[in-house]
Protein chains: 2
Amino acid sequence: MDVVDERILHHLVRNARATFADIGAEVNLSAPAVKRRVDRMIADETIAGFTTIVDPESLGWGTEAYVQVYCKGTVSPQALFNTWESIPEVVSASTVTGQADAILRVRARNVRDLERALERIRGDDTIDHTESIIVLSRLIERG
Amino acid sequence: MDVVDERILHHLVRNARATFADIGAEVNLSAPAVKRRVDRMIADETIAGFTTIVDPESLGWGTEAYVQVYCKGTVSPQALFNTWESIPEVVSASTVTGQADAILRVRARNVRDLERALERIRGDDTIDHTESIIVLSRLIERG
DNA sequence: GATGAAATGCAGCTGCG
DNA sequence: CGCAGCTGCATTTCATC
C-alpha cells in the first residue's frame, strides 16, 4: 500500500468500471501495472469488491430508518448477527457505545414494510426494546 | 424497469465489473441487449454509478461513529448540507424524525481525528449540541 | 420498441525482457 | 515495471420480429 495504490483506489471508487488504461494514464503507469496492483489489493482484501449504486427510490424502496436496539442483560454480538443477517431490510448493523447496544440502518419499501422488519428485528428474546428514527431526507451519501 | 432489469441490477450490484456477456448469459440476453438496458438505467439515474468497496481498516480509517445533531429553533437542511459537505469524514447525513434534527455517519482515522471532525460538524452556529455514538464492531454491512 | 448477428476497435491478460 | 502479442469484450451498425 503506497500513495499510487491510494490514487488507483480513488479512481476505482469514483468509477469501478474504469479501464486499467484510463487509470494508468492518471497515475502514470501502464495498464498491466495497474491491473497487477488491483489484483494484489483484491487478494489483500483491501478491495472488498465492486458494486453498483442503485437509486432506492427508483426501485420503490423509499423508506429508511435508524433503529437503536436495547438488550436485556449481557449481549452476544454473534447472536444479534444471527438474528439480523437474514432480514433483507437490514442494510447495516453495529454494536455501539452508549445506552443502546446496537444501531441498525434499515431500508424498506414503505412504513408498513418497515414495521414488519422491526418485528423481525425484535425477534430475539434478549432484546428489550427498540427506538426508531425515520429518515426524512438524505443530505449526503458517500461510499 | 421490468424483471429483467432487476436481475441485471442484481448482478451488477454483486460485481460492477462483470462483462455484459456474462450478465447476458445469466439473464438469457445478448451482450448488446444488456448494454442498452444498462445505458438506459444510467440515463434514468436508476443506476447512480459504479464504485469499489474498500476496507476502511486497511487504509487506517478504523474509527466510526453515529452523530445525532440537535439544532436551535428552525433548521434549514440546505444550510446543514453546506456546512457538512466539505468535511471528508462525514460519510452520510440525513434529517430525521424524533428529538434530534439530523443523524450523521462519520468515519475517521482515530478518536483524535473524530474529535476534530466533530468540531467542524458543530461549526454552524444554529447547532445546539451533538451526541456521538461510537461503533464498536460492524456486524452487517451491505450495498 | 426491442432484439440478435456480424464487424471493428479497444481492453484485458500473459510472457518476456 | 513496460512492451508486445493474442484473446476476448465492448460498441456500433444493420436487419428482423
Side-chain angles (χ1 to χ4, degrees), chain A residues 1-62 88 91 107 109-110 113 141-143, chain B residues 1-62 88 91 107 109 141-143:
Chain A
M1 273 301 310
D2 60 4
V3 67
V4 180
D5 286 335
E6 288 190 20
R7 290 175 65 196
I8 291 171
L9 277 182
H10 180 251
H11 288 288
L12 279 174
V13 167
R14 281 201 318 186
N15 178 19
R17 285 182 76 86
T19 66
F20 294 133
D22 281 348
I23 298 166
E26 302 211 51
V27 302
N28 296 317
L29 237 58
S30 68
V34 174
K35 179 196 160 23
R36 282 188 281 255
R37 281 170 177 264
V38 171
D39 285 345
R40 181 173 45 71
M41 287 191 280
I42 292 169
D44 282 347
E45 291 180 308
T46 297
I47 291 175
F50 304 99
T51 192
T52 300
I53 306 164
V54 180
D55 176 27
E57 312 278 348
S58 298
L59 277 160
W61 288 70
V91 173
R107 226 195 293 267
R109 290 185 178 80
N110 47 53
D113 227 55
E141 199 67 51
R142 300 181 183 129
Chain B
M1 272 303 308
D2 60 4
V3 68
V4 180
D5 285 336
E6 286 188 23
R7 288 175 65 196
I8 291 172
L9 276 181
H10 180 250
H11 288 289
L12 279 174
V13 166
R14 281 202 321 190
N15 178 18
R17 287 183 75 85
T19 65
F20 294 132
D22 282 347
I23 299 166
E26 302 212 50
V27 301
N28 296 318
L29 238 56
S30 68
V34 174
K35 180 193 161 18
R36 282 187 283 258
R37 281 168 177 268
V38 171
D39 285 346
R40 180 172 45 72
M41 288 191 279
I42 292 169
D44 283 345
E45 290 180 307
T46 297
I47 292 176
F50 303 99
T51 193
T52 300
I53 306 164
V54 179
D55 176 28
E57 313 277 348
S58 298
L59 276 159
W61 288 71
V91 173
R107 224 191 299 264
R109 284 180 236 275
E141 199 69 51
R142 300 180 183 132

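A, B, ... follow the sequence lines: proteins, then strands. Residue 1 opens every chain. Computed from a predicted structure; not experimentally measured. When reading the values below, keep in mind they use all heavy atoms of this one structure, side chains included, and skip hydrogens, waters and symmetry mates.
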Trainee: In B/S/- notation, 5' to 3', how is nucleotides 4-17 of chain C contacted by protein heavy atoms closer than 4.0 Å?
Mentor: BB-----SSSBB--
Trainee: How far does the helix from C/dG1-D/dC17 to C/dG17-D/dC1 bend, going by the axes of its first and last five pairs, to the nearest 10°?
Mentor: 30°
Trainee: Expressed in angstrom and rounded to an integer, what is the separation of B/R37 atom CZ from D/dA10 atom C1'?
Mentor: 18 Å
Trainee: Could you tell me if the side chain of B/R37 sits less than 4.5 Å from the side chain of B/D2, heavy atoms only?
Mentor: yes
Trainee: Distance check needed: C/dA2 C1' versus B/M1 CE, whole Å only.
Mentor: 16 Å
Trainee: If you compare all heavy atoms of A/F50 against all heavy atoms of A/A16, which two are closest, and at what distance to 0.1 Å?
Mentor: CD2-CB, 4.0 Å
Trainee: What's the CG-C1' distance between B/N15 and D/dC9, to the nearest Å?
Mentor: 14 Å
Trainee: List for me each residue that meets side-chain hydrogen bond (donor to acceptor under 3.5 Å, both in side chains) alongside B/E57, sequence neighbours excluded, and say none if there are none.
Mentor: B/R138
Trainee: Is A/I23 close to A/T19 at the side-chain level, that is, under 4.5 Å between some pair of heavy atoms?
Mentor: no
Trainee: Provide the closest heavy-atom pair for A/D55 versus B/E45 in the form atom of the first, atom of the second, distance.
Mentor: CB-O, 3.4 Å
Trainee: Which heavy atom of B/V34 sits nearest to which heavy atom of B/L29, and what is that distance?
Mentor: CG2-CB, 4.0 Å
Trainee: Please give me the minimum heavy-atom distance between B/M1 and B/R40, naming the atom from each residue.
Mentor: N-NH1, 4.2 Å
Trainee: Heavy atoms, side chains only, cut-off 4.5 Å: are A/I47 and A/V38 in contact?
Mentor: yes
